[in-house]
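Take a look at the structure below.
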Protein chains: 2
Amino acid sequence: MAAKRSDARGKRPQRISEWLQPVHEPRSEPPLSRDRIVVTAVELLDAQGVDGLTMRRLADRLGSGVMSLYWHVDNKEDVFDLALDSVLEYRGPQQIAQDWRGEVVHMLEDWRASMLRHPWSASLLPRRALGPNILSRLELLSKTLSRAGVADADVNVAIWSLWNYVMGATITRASFDLSDDDRAAAQQRLTRLSERYPTIERSRLLLDNDWDGAFRKGLGFLLDGLSPR
Amino acid sequence: MAAKRSDARGKRPQRISEWLQPVHEPRSEPPLSRDRIVVTAVELLDAQGVDGLTMRRLADRLGSGVMSLYWHVDNKEDVFDLALDSVLEYRGPQQIAQDWRGEVVHMLEDWRASMLRHPWSASLLPRRALGPNILSRLELLSKTLSRAGVADADVNVAIWSLWNYVMGATITRASFDLSDDDRAAAQQRLTRLSERYPTIERSRLLLDNDWDGAFRKGLGFLLDGLSPR
DNA sequence: CACCGACTCGTACATAGTACGAGTCGGTAT
DNA sequence: ATACCGACTCGTACTATGTACGAGTCGGTG
């Protein structure tokens, strides 16, 4: 977790300074920090996508040398983890409302919205470990369901079903929407496919204009199934 | 789709052969082909994970030069696409059964099983375009639901809900299970987290031994919600 | 025999992550 | 003042990667 700070880096620097000028130009930027790195990483990811994030570009944007980053983060994977988690912070009400169902819907829609605001997050999530913010969300969801009267033996399955639904919906949406190729290419590919897969094409068209509604409606079905009868 | 074959590669080779020996050793392997490449790529992915697949390693395993691969595939992304789709082929019954609900469950469990057999596939899916095999599965699912009497307006939402559920469940399972780190590290991380997230930890433990059952049960809930009343 | 198209591959390059260790700087104990 | 330290920065250099380029082989066909 902590960067090199905790490491034993006890090499005494040798003062054979042969030049009198400082080696580094005076910094115009504020000093590096883990937070600045994460914020900038998110900007870069938003702008350029997953492949657009490189340590060099990140350092450039921060006005620092590349290797300076490694004082604050362990490696590039670490940057991904931090960026991902930072994007999933939950700012909603932390206490349980009366209307549990409305509360659940709100939580999950917020979750989905957070991820869609940063489309790279959806494709990153499956590869990375679950960060604290995700776990908080799950924890809160779990508590809400528990008190809602969902049968105790079912709570676990319920949480996971909902989580699965959100994950899947978001990922699907993101990958359908902005696959790496151009808009045009994707469009062409889809219309070519539509000949062979008529039913899919039809649903896609129907859904295309109302992903949000579809999400809410499907979630409704799922909650119907989960509700205590 | 077709590789360089279709390209205009009309450069006439110049025969200034200064050496009489053949440049390439005689091949002991069968000739390259797109299929062999895909099969080997899947082996490599199974054995080493997403990051384990490099063009060089792939060529090594195939006993060919690296650049030979590029005659048969466009680039590495192409390899990923092909490998992913090859793993998702559906071999189940292609006709609609009487028991639509059983049929749906079977289709989705098969789907999930296919992906879990190749854990890299789950993490790859969100980044890649939908291949023909996925679309076939969706098409079949869609037809089944249509004939099952799900209200016409709901079919689309139903398909997507089910798809979302499967995707999410598989991805979650795969990432929870074998995250890139060692087993030990993951275990340690989780127990450390369990102090802060007691409810999650409890569910995780409960689920841990029966992911399959949880999947089936959650799917049951969803189908309950979707069923025509 | 000239020629072609299918296919193979060595070389070379640009770009990536990051190990290493030298450097600066501000503080603190002597 | 001096010696020293720990926090932090960064240039250099190494390795690994995807892939463009173009020369080469080979079998077939006019």
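With values rounded to the nearest 0.5 angstrom, B:N164 atom CG is found 10.0 Å from A:N164 atom CG. For the atom pair CG (A:L141) and CH2 (A:W163), the distance works out to 10.5 Å, reported to the nearest 0.5 Å. Remark: B:F80 CZ to B:D85 CG distance equals 15.0 Å, nearest 0.5 Å.
By the 4.5 Å heavy-atom criterion applied to side chains, A:S161 and B:L222 are not counted as neighbours. Looking at A:M115 and A:L88, their side chains come closer than 4.5 Å, going by heavy atoms from C-beta outward.
With C:dT8, C:dG17, D:dC10 as the choices, the nucleotide that has an atom nearest any side-chain atom of B:H72 turns out to be C:dT8. Of all nucleotides listed (C:dA6, C:dC20, D:dT9), C:dC20 comes nearest to the side chain of A:M67. Among the nucleotides D:dC10, C:dC9, D:dG18, the one closest to the side chain of B:Y70 is D:dG18. With D:dT19, C:dG17, D:dT17 as the choices, the nucleotide that has an atom nearest any side-chain atom of B:N75 turns out to be D:dT19.
The pair A:R137-A:D110 meets the salt-bridge criterion, with a side-chain N (NZ, NE, NH1 or NH2) lying under 4.0 Å from an Asp/Glu carboxylate O.
Distance A:R57 CZ to C:dT15 P: 10 Å, rounded to the nearest Å. Following rounding to the nearest Å, B:I37 (CD1) and C:dC7 (P) show an atom-to-atom distance of 11 Å. D:dA16 atom C1' lies 15 Å from atom CD of B:Q48, rounded to whole Å. Atoms CG (B:L53) and P (D:dT19) sit 11 Å apart, rounded to a whole Å. Look at CG on A:D60: it is 12 Å from P on D:dC10, rounded to the nearest Å. Rounded to an integer number of Å, the gap from CH2 of A:W71 to C1' of C:dT18 is 16 Å. Put simply, CG on A:L58 is 12 Å from P on C:dA16, counting in whole angstrom units. For the pair B:K76 NZ and C:dT15 C1', the computed distance is 14 Å after rounding to whole Å.
Contact check, B:S68 against C:dC9: a side-chain N or O comes under 4.0 Å of OP1 or OP2.
Map A:V66 and B:M55 each onto its nearest nucleotide of DNA chain D; the residue landing nearer the 5' end is A:V66.
Between the side chain of B:R56 and the base of D:dA16 there is no donor-acceptor pair of N/O atoms closer than 3.5 Å.
With hydrogens and angles disregarded, no donor-acceptor distance shorter than 3.5 Å links the side chain of A:Y90 to the backbone of A:W111.
For the helix from C:dC1-D:dG30 to C:dT30-D:dA1, the angle separating the two terminal helix axes comes to 30°, with each axis derived from five pairs and the value rounded to 10°.
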